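Predicted, not measured: the structure shown is a model, and the values here were computed from it.
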Amino acid sequence: MKVDVYILRLSVVLLICWFILSVTRAIERPLKNMELRPGLVACASIALLAANAFSFWAMPELFINPAALLLCVFTGISAGRTITAGRIMQAAACAMVAAVAMFFISRMALSGRLDFSEPGLLLALCPLAFALFFRSAPAGALFCAVLAPLFLTLFEAGYDLYVYGYGTLELCSPVLFDAQIAGATISIAAVMLARAPQSRKAALP
C-alpha cells in the first residue's frame, strides 16, 4: 500500500511554533521585553500561514508570496513604532549587506559546491551577525532579518538579467520565505539571550 508523506516547510513549522508559544503565553516575558504582545504574534502567525497558501505567479517573470510581503509590513510597522527612523535605515543597510552574503551562498548552492538540507536556515544565519548590533532595539534586528531575503531576490533577478538577459523576480520563493521566518526566529532568540544579563540586573533589589 502506498503511503503519501507530506513534509512541512521550515517556515510553516516555525509559524505553528510561534502560534502555540504565543497562545500558551510561554514566551510572554521575552516578547514583552521586545515590546511585542503574545496576542498580536499569534494573530500574525495565523495571518502569515493563511497568506502563504496563496502564492502565485502574477506573470511569467513575477512570483508573489503575499506572506513574505505581509511579514515585511508587520515588522516595518513594529520598527516604526518602537525605534527611530535612523535605526530603521541602519537595519535596512545591514539587511543589504546580509543579502550580499546570502547571494554568494545561494550561488554556491546553485553551482553544487554547497549542499545543505535546509538552505533557508543556512541563509537565515547571515543577518544574525547584525542581531547583537540591535540588542537595544529588537525591532531593528527583526526588520533586518525579514528584509534581507527580499534584497537577495532583487540581487538575483538583477544578476540573471545582466548575465543571461532574462530574469524572474520572486517575492519570495519558498526557500527565501523559510529564510525570512527562520531569520526572524533566530534574531529574536539572539537578542533575547543578549538582553538576558540586563534583565537579571534589573530584577535584582
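- Applying the 6.0 Å contact sphere to CE of M108 captures more than 12 heavy atoms from other residues, nucleotides or ligands.
- The aromatic ring centroids of F103 and Y159 lie less than 6.0 Å from each other.
- Heavy-atom contacts from other residues, nucleotides or ligands closer than 6.0 Å to CZ of R37 number 12 or fewer.
- Across all their heavy atoms, S45 and W18 have their closest contact at OG-CB, 3.3 Å.
- The closest donor-acceptor contact from the side chain of S187 to the backbone of G183 lies under 3.5 Å.
- Of all the heavy atoms in R9 and D178, the pair that sits closest is NH2-OD2, 2.7 Å.
- Counting heavy atoms of neighbouring residues, nucleotides and ligands inside a 6.0 Å radius, atom CZ of F56 exceeds 12 of them.
- Of the possible donor and acceptor atoms, none in the side chain of S173 sits under 3.5 Å from a partner among the backbone N and O of E170.
- In the hydrophobic clustering of this structure, L154 does not group with M89; members are Ile, Leu, Val, Met, Phe, Trp, Tyr whose side-chain heavy atoms approach within less than 4.5 Å, directly or through other members.
- Within the 4.5 Å cutoff, side-chain heavy atoms of I105 are placed close to those of C126.
- Atom CD1 of I64 and atom CG of L171 lie 6.5 Å apart (nearest 0.5 Å).
- Remark: the Q180 side chain and the S11 side chain contain no N/O donor-acceptor pair separated by less than 3.5 Å.
- Rounded to the nearest 0.5 Å, atoms OG1 (T75) and CG (L70) are 9.5 Å apart.
- A continuous path of hydrophobic side-chain contacts links M96 to F104 [ILVMFWY only; heavy atoms under 4.5 Å].
- Note that the CZ atom of F143 and the CD1 atom of I83 stand 8.0 Å from one another [nearest 0.5 Å].
- In this structure, the separation between CE on M102 and CG on L125 is 9.5 Å, given to the nearest 0.5 Å.
- Nearest heavy atom pair, residue N65 against residue A51, reads OD1-O, 4.1 Å.
- A single hydrophobic cluster is seen to contain both I88 and L69, as judged by linkage of ILVMFWY side chains at heavy-atom distances under 4.5 Å, directly or through other members.
- Side chains of T168 and D160 form no contact here, defined as non-hydrogen atoms less than 4.5 Å apart.
- F74 contributes atom CZ, which lies 9.5 Å from atom CG of L40 (distance to the nearest 0.5 angstrom).
- Criterion: ILVMFWY side-chain heavy atoms under 4.5 Å apart, direct or through other members. Under it, F54 and F63 are not part of a common hydrophobic cluster.
- Grouping the Ile, Leu, Val, Met, Phe, Trp and Tyr side chains by contacts below 4.5 angstrom, directly or via other members, places V73 apart from I46.
- Heavy-atom minimum distance, A99 versus F155: CB-CE1, 3.6 Å.
- For the atom pair L176 CG and I181 CD1, the distance stands at 12.0 Å (nearest 0.5 Å).
- Considering every non-hydrogen atom in both P127 and C144, the closest pair reads CB-SG, 4.4 Å.
- In terms of heavy atoms, L150 sits closest to T153 at O-CG2, 2.9 Å.
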